[in-house]
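Report on the structure given below.
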There are 2 protein chains.
Amino acid sequence: MNEIKKDNTEDKILKAAKTIFIRKGMEGARMQEIADEAGINKALLHYYFRSKQKLFEAIFVNLLTQIFPNITTLLLSDKPIEEKIGLFIEKYIDMLLQNPYLPAFVLKEINRDSDFFEKTFSNRKIDLNLIFNMLEKEMEAGNIRKMNPRDIMANLLAMCIFPFAAKPMLKLLLFGENHQQYDQFLEERKSTIKEFVLNSIVLPKS
Amino acid sequence: MNEIKKDNTEDKILKAAKTIFIRKGMEGARMQEIADEAGINKALLHYYFRSKQKLFEAIFVNLLTQIFPNITTLLLSDKPIEEKIGLFIEKYIDMLLQNPYLPAFVLKEINRDSDFFEKTFSNRKIDLNLIFNMLEKEMEAGNIRKMNPRDIMANLLAMCIFPFAAKPMLKLLLFGENHQQYDQFLEERKSTIKEFVLNSIVLPKS
DNA sequence: GTCTATAGATGGATAGAC
DNA sequence: GTCTATCCATCTATAGAC
């Protein structure tokens, strides 16, 4: 039952739509463009998915479920907290290096139609409370500094995601003429973010 | 010479266009909408600015020059490094609290037409090298930990800006049902980011 | 300078043949 | 299921009266 014979028309459409929507966004994408990418014509898009909106929703909902789950489980394993955070950052940056358009796309769409986003996101029932509890236990145990665990999460996501979402600006701001160095900078952040975070929150063993 | 008599048509248009473009973006904004907001009709928009693109560029270029300069000067004053970083974060978050739509707008537009952005941005000649030099001096003096100053800058901007740009998602992710607490969370980050950064980079006085 | 009216282009959606 | 042809709404842009 493992996704055999994936080259039927519906899958071709979904694959093409995903590519185009992520690159151009809902408003920027053209149905003709998606049809071309899929090697079919516009009418077929409407035959399989009634409207552009419906097609977009299919892509977007699928993307949301794809992004979150894998990474959070890692934070709930029984490794030491330093190692868990280090691995989280590495995995997350690796994912972003493989999907560099994703951050800008998601940010654009959640701000364009935040009502729709909130509805679909709430359905996913993603719950970080287990992670927050874990962090608070580490604070009680004196392993990390006492602070709002939501700030840890926000800072981690911010430092990982923002440099991808703001790439056209940050690469010029940080490197000027030599902005081709930016991709290497992103790669190196797997270790620099880790150092930055651990230096901030890990307490010395007594 | 101080911008007297600001209520001529051109200024009304610019003000209206700024509001609408920031809220809807270049692609989402409608010329009719801007005309309504300005209390005039569509044709006048084209009389003053030849095209939607030209009107957008006027707004966008103006915004870029407005955002950057004030804040960087602060980092070059002769206060202690801890104080400079603390003030930078406070000022920056305050600016974002007053312009909450700005981050999502800028990120959307620099990714939509990054060629245009790179051209206009390069003209601004914003140069962070003086700031990087200052940070490196502080490292040499043993005041802060040795690291790539670009990571400091990237992390600062990320932690300040990202929670605004990703608000529709982060508020649900961090607070779930109680997401009305998010605005207070943003406000408090003026001090929590400061603690987070200083704990990471400031070295103890020997 | 400001308006109404309309041209012209684009793009989502549908009808209907095969 | 897949195609071509076309409809129709939307939106930028312009013509022309005042």
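Values in this document were obtained by computation on a predicted structure and should not be read as measured data. Lettering follows sequence order; numbering is per chain, from 1.
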Practice prompt. Check whether more than 12 heavy atoms from other residues, nucleotides or ligands sit under 6.0 Å from atom CD of A:Gln180, and answer yes or no.
Written response: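 Check passes, neighbour count above 12.
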
Worksheet item: Heavy-atom count around A:Lys84 NZ within 6.0 Å, excluding the residue itself: above 12?
Response: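 More than 12 within 6.0 Å, yes.
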
Worksheet entry | Toward the 5' end of DNA chain C, by each residue's nearest nucleotide, B:Ile40 or A:Lys52 |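 The residue mapped nearer the 5' terminus is B:Ile40.
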
Worksheet entry | B:Asn41, nearest nucleotide to its side chain (from C:dT4, D:dT12, D:dG1) |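 When the side chain of B:Asn41 is considered, C:dT4 is the closest of C:dT4, D:dT12, D:dG1.
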
Worksheet item: What nucleotide among D:dC3, D:dT2, C:dA13 has an atom nearest to a side-chain atom of A:Ser51?
Response: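 Side chain of A:Ser51 sits closest to C:dA13.
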
Rounded to the nearest Å, what distance is computed from the [atom1] atom of residue [X] to the [atom2] atom of nucleotide [N]?
{"X": "B:Ile13", "N": "C:dC3", "atom1": "CD1", "atom2": "C1'", "answer": "13 Å"}
{"X": "A:Leu45", "N": "C:dG12", "atom1": "CG", "atom2": "P", "answer": "10 Å"}
{"X": "A:Glu10", "N": "D:dT2", "atom1": "CD", "atom2": "C1'", "answer": "15 Å"}
{"X": "B:His46", "N": "C:dT2", "atom1": "NE2", "atom2": "C1'", "answer": "15 Å"}
{"X": "A:Lys42", "N": "D:dT4", "atom1": "NZ", "atom2": "P", "answer": "12 Å"}
{"X": "B:Asn8", "N": "C:dG1", "atom1": "CG", "atom2": "P", "answer": "9 Å"}
{"X": "B:Leu44", "N": "C:dT4", "atom1": "CG", "atom2": "P", "answer": "10 Å"}
{"X": "A:Phe49", "N": "C:dA13", "atom1": "CZ", "atom2": "P", "answer": "13 Å"}

Worksheet item: Do the rings of B:Phe196 and A:Phe196 sit parallel, tilted or perpendicular, given the 30° and 60° boundaries?
Response: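 If you compare the ring of B:Phe196 with that of A:Phe196, the planes turn out tilted.
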
Discussion item. Which label fits B:Phe60 and B:Phe116: parallel for a plane angle under 30°, tilted from 30 to 60°, or perpendicular past 60°?
Written reply: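 Aromatic pair B:Phe60/B:Phe116 classed tilted.
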
Worksheet item: If every non-hydrogen atom of B:Phe117 is compared with every non-hydrogen atom of A:Pro168, which pair is closest and at what distance?
Response: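 Where B:Phe117 meets A:Pro168 most closely, the heavy atoms are CE2-O, 3.4 Å.
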
Practice prompt. Please confirm whether A:Arg112 makes a cation-pi placement over A:Phe56, using NZ or CZ under 6.0 Å from the six-membered ring centre and within 45° of the ring normal.
Written response: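 Positive - A:Arg112 is close enough to the ring of A:Phe56 and near enough to its axis.
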
For [X] and [Y], which I'm curious about, is there any donor-acceptor pair between the side chains at under 3.5 Å?
{"X": "B:Arg189", "Y": "A:Asn148", "answer": "no"}
{"X": "A:Asp36", "Y": "A:Gln32", "answer": "yes"}
{"X": "B:Arg124", "Y": "B:Thr65", "answer": "no"}

Practice prompt. Please round to 10 degrees the angle between the axis of the first five pairs and the axis of the last five pairs in the helix from C:dG1-D:dC18 to C:dC18-D:dG1.
Written response: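 One end axis against the other gives 10°.
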
Discussion item. Applying a 4.0 Å non-hydrogen cut-off, can you work out what A:Tyr48 is touching in the nucleic acid: base, sugar-phosphate, or nothing?
Written reply: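 Sugar-phosphate contact only.
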
Worksheet item: Is A:Thr9 near enough to D:dG1 that one of its side-chain N or O atoms lies under 4.0 angstrom from OP1 or OP2?
Response: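 Answer no for this pair, as no side-chain N or O of A:Thr9 is under 4.0 Å from OP1 or OP2.
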
Item to complete: Return the residues of residues 17-36 of chain B meeting this criterion: a heavy atom under 4.0 Å from some atom of DNA chain D. Order them by number, or give none.
Response: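 Output list: B:Ala29, B:Arg30, B:Met31.
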
